[in-house]
Every structure is written in C-alpha cells, then in structure tokens.
Asker: 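One structure, pasted below without further comment.
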Amino acid sequence: MASGSHAPVPLLKDELDIVIPTIRNLDFLEMWRPFFQPYHLIIVQDGDPSKTIRVPEGFDYELYNRNDINRMLGPKASCISFKDSACRCFGYMVSKKKYIYTIDDDCFVAKDPSGKDINALEQHIKNLLSPSTPFFFNTLYDPYRVGADFVRGYPFSLREGVPTAVSHGLWLNIPDYDAPTQLVKPLERNTRYVDAILTIPKGTLFPMCGMNLAFDRELIGPAMYFGLMGDGQPIGRYDDMWAGWCTKVITDHLGLGVKTGLPYIWHSKASNPFVNLKKEYNGIFWQEELIPFFQSVSLPKEATTVQKCYLELAKQVRAKLGKVDGYFNKLADSMVTWIEAWDELNPPKGGAPTANGPPKK
C-alpha cells in the first residue's frame, strides 16, 4: 500500500491559474488555503492603484493594478472596465495556462450536506476534464459521473460527447439576484444543495455568474470578455452575463459544451440593492432586446476559431444592437479591441488545442 505521508498531487497544478478581482485585502484566501495554495493566483486590483492590497503569506501570485493594465495594453487598455469586477478578464488575457478558475473575494468554502468542506476547484476541474452532451439531453443529468450512465434511448452516436469549455458553479447563502428581486426578497437565502451537474443544451442561453466559474482558456478564452461596464458606462452587473451569452453562442457554433451545477461556494455578502438598481437599470430594459438578439444570432461557417466568431459577433452587435442604444456601438468597438489585445499578448501556437473528450479507441 502507498505511504499515507505522500499527499496526492493537486489536479492540473501547473496548468491552471486562479483569477481574483478585488479592491480589498485578500484575507478570504485563508479559508481557501488547503485548496488554492498549490496553484498560481492572478489578482486584478480594481479602483485606486496606489492602495496596497495585502495577500496572505505562502501564496504564489502576481498582482496587476490599473497602472499595469495601461502600461501593458497602451491605448487598448480602454477595453478593460474600471471600478467593476469585469476587470477580472485582464487576468484571463495575461494568463499563460490552459485553464482558468475565477472567484469573488466574498466567496467562502461551502459545506456539503454531510458537513464536509467542498473543494470547489477540484470539482470544476473534473467538470472540465469530462465531456459535455449539448446535442441530446440525458435525464440522469451528467452521464460521466460515477454511478450514472446514458439512459435507454440515448443515441449511441452521441455518447462520446464533446469537449467541455465552461464549468459554471453555484452558490449557497446569498442568492445571485438582480436588484428588484433583492428588494422584494431581502431575507431569502439559498439553502438548497442539489447534487447535480448538467450540460446546458445547444440553443439554450443562461445567465452566467462570474463568482464561481472555470473554463478552458485554450478552447474559449477569447470569448470570455466581460464587456465595458462600471465607471463611465451606462450599465453594470451585466459583465458576466454578457460574456455568458457570447460564449454560449460560440460554443454552440463550434460544437463545445457548457456544464452547470456543482460545485457550490458560500456567498457571504449581499450587495446593496439600491446601488445595484442604479447599475442594472438600463440592463433590465435592454436585456429584453439582448436575449432575442443572441437567440437569433447565426455565425458563418468561415468562423472556425473563437476569435473569428467573436469578431463576427461584434459586427452583428453594432448592426443590430446599435439601434437600441449608442452604448452598443462602443461595446462593439471594445470587443474588437479586446481580440486585438488578446492576440498581441497570446500569439498563436502551432497546432490545435487538445480536445478533452474520452480517448479514441
């Protein structure tokens, strides 16, 4: 038998970065130390760049503030939001790893129904390393989990699945509500732990939350742009949802998968609903135009890479959503700038990324 003194090597230790946007000291990392310490952290400091952010001892990290973003991107730094958690996507851009996990600094370790601490990062990695099934729904949810399989009537030709590009985790305690729902349900807490993972079907959009999210950077990274939000913009708190809508359209087009469900984190702090309402006000109206737009988007066959898909999407945003508000013309410009900046910092490598489906027999 193996000696108990040898701890198992953390999954993807050298292939994954943890990206954290913040305006405060990162004391919350102490709770995550058993799970995060082996990994490299990329911290994106929002707000005043002269403020010193304290990171607990023992973590391997790099920290970028607004001055760093301006220095590294020059004029293209305009595509990175300021005073908004959307600044986190700069961390996606500068990472050199295959996988990204991003988490907010008010998210703590949750417990499963047995009282055991949940290793959210490990579960996300398992999600990303197993295939997705977007083309045909399996009623036992994820057929690749231990104790599950494909049900009777599931086509054998689809059982190999497709590579998983995104793993979308959930939260206990403070729900991820919009401001109007927060106002009418101020005391509501999510106490329901559902032990399930499922693939979001092709053609179905979802409201992506960025506080507990992992993705394969090589497969979908350039689409994970959190938009132009926050300071100087007429909208906020739609950054992760914008990225989710764009990403889902592109994963559908490229034949990739998105999973949602486990793992849970503990969301500790409710943001102010009145402040949130000011940020969300335009978005609450605009989303009634945005959802039909994304539901009807069609990408051409020539769009064979994430970058090509995203630039085509930017073109359609300008043509169709620019009529809703001039902001979307500005957003379309920033989408193009984002891709240009991404490609500057991430010159193409030889060969295509490795799919994460099951090995070929």
Asker: Nearest 0.5 Å, please: how far is CE in Met224 from CD1 in Ile250?
Answerer: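 Interatomic distance, Ile250 CD1 to Met224 CE, rounded to 0.5 Å: 10.0 Å.
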
Asker: For the backbone of Asp333 and the side chain of Thr337, can you confirm whether one donor and one acceptor N or O come within less than 3.5 Å of each other?
Answerer: yes

Asker: Please assess Phe226 against Tyr92 for the test ring-ring contact (aromatic ring centres under 6.0 Å, His included), listing each intermediate value before the final yes or no.
Answerer: CA-CA 10 Å; Phe226 277 43; Tyr92 310 159; 5.7 Å; yes

Asker: Between Phe285 and Tyr281, is the gap from one ring center to the other below 6.0 Å?
Answerer: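 Ring-ring flag for Phe285/Tyr281: true, centres closer than 6.0 Å.
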
Asker: Would you say that more than 12 heavy atoms from the other residues, nucleotides or ligands in this model lie under 6.0 Å from the CZ of Arg54, or not?
Answerer: yes

Asker: With a 4.5 Å heavy-atom cut-off, do Tyr238 and Gln287 have their side chains touching?
Answerer: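 Of all side-chain heavy-atom pairs linking Gln287 with Tyr238, at least one is under 4.5 Å.
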
Asker: Using modelled atom types and a 3.5 Å cut-off, is there a donor and acceptor pairing between side-chain atoms of Ser81 and backbone atoms of Asp84?
Answerer: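 Looks like no, no N/O pair under 3.5 Å.
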
Asker: Can the ring centroids of Phe215 and Tyr99 be said to lie less than 6.0 angstrom from one another?
Answerer: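 No: the rings miss the under 6.0 Å criterion.
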
Asker: For the NZ atom of Lys202 and the OG1 atom of Thr133, what is their distance to the nearest 0.5 Å?
Answerer: 13.5 Å

Asker: Any ion pair linking Arg88 and Asp104 (charged N to carboxylate O, less than 4.0 Å)?
Answerer: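 The answer is yes: the pair qualifies as a salt bridge.
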
Asker: Between Ser271 and Asn276, does any side-chain donor sit less than 3.5 Å from a side-chain acceptor?
Answerer: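 Yes, Asn276 and Ser271 have a side-chain donor paired with an acceptor closer than 3.5 Å.
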
Asker: Does Ser334 reach the main-chain N or O of Leu331 with its side chain, forming a donor-acceptor pair under 3.5 Å?
Answerer: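 Present.
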
Asker: Are more than 12 heavy atoms from other residues, nucleotides or ligands located less than 6.0 Å from atom OH of Tyr327?
Answerer: yes

Asker: Check for me, please, whether Tyr177 and Tyr264 land in the same ILVMFWY cluster - side-chain distances under 4.5 Å, paths through other members count.
Answerer: no

Asker: How about Phe59 and Phe36: are their ring centres within less than 6.0 Å of each other?
Answerer: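 That pair fails the under 6.0 Å test.
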
Asker: Quick one: pull up OG1 in Thr304 and CG in Leu299 and give me the separation to the nearest 0.5 Å.
Answerer: 11.5 Å

Asker: Hey, do the aromatic rings of Phe206 and His168 have their centres closer than 6.0 Å?
Answerer: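 Centroid distance Phe206-His168: below 6.0 Å, so yes.
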
Asker: Under 4.0 Å between a Lys/Arg side-chain N and an Asp/Glu carboxylate O for Glu218 and Lys98?
Answerer: yes

Asker: For Lys83, I'd like to know if atom NZ has over 12 heavy atoms of other residues, nucleotides or ligands within 6.0 Å.
Answerer: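 No, NZ of Lys83 has 12 or fewer neighbouring heavy atoms, counting only those of other groups under 6.0 Å.
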
Asker: For the backbone of Pro143 and the side chain of Asp149, can you confirm whether one donor and one acceptor N or O come within less than 3.5 Å of each other?
Answerer: no

Asker: Taking atom NZ as the centre, does Lys96 end up with more than 12 heavy-atom neighbours from other residues, nucleotides or ligands that are less than 6.0 angstrom away?
Answerer: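 It does: Lys96 NZ has more than 12 such atoms within range.
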
Asker: Do side-chain atoms of Arg66 reach the backbone of Asp46 as a donor and acceptor pair under 3.5 angstrom?
Answerer: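 Judged by distance alone, no pair lies under 3.5 Å.
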
Asker: Could you tell me whether Lys76 and Glu344 make a salt bridge, using a distance below 4.0 angstrom between a side-chain N and a carboxylate O?
Answerer: yes

Asker: Going by salt bridge (charged side-chain N to carboxylate O under 4.0 Å, His left out), name the pairs with one or both residues in residues 243-270, residues two or more places apart or in two chains.
Answerer: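 Matches after skipping sequence neighbours: Asp142-Lys259, Lys248-Asp252.
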
Asker: Would you say the side-chain atoms of Tyr144 pair up with the backbone N or O of Asn127, donor to acceptor, closer than 3.5 Å?
Answerer: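 Not at all, since once roles are kept as given, no pair shorter than 3.5 Å links the two residues.
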
Asker: If we ignore hydrogens and angles and just use 3.5 Å, is the side chain of Asp240 paired with the main-chain N or O of Gly210 as donor and acceptor?
Answerer: yes

Asker: To the nearest 0.5 angstrom, please state how far the CE atom of Met241 sits from the SG atom of Cys209.
Answerer: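 Interatomic distance, Met241 CE to Cys209 SG, rounded to 0.5 Å: 9.0 Å.
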
Asker: Main chain of His267, side chain of Asn173: is a donor-acceptor contact present, judged purely on distance under 3.5 Å?
Answerer: yes

Asker: Give, for atom CD1 of Ile197 and atom CG of Leu262, the distance between the pair rounded to the nearest 0.5 Å.
Answerer: 4.5 Å

Asker: Could you check, using the six-membered ring where one of them is a Trp, whether Trp242 and Phe294 have ring centers closer than 6.0 angstrom?
Answerer: yes

Asker: Would you find a donor on one side and an acceptor on the other, under 3.5 Å apart, between the side chain of Asn138 and the backbone of Tyr154?
Answerer: no

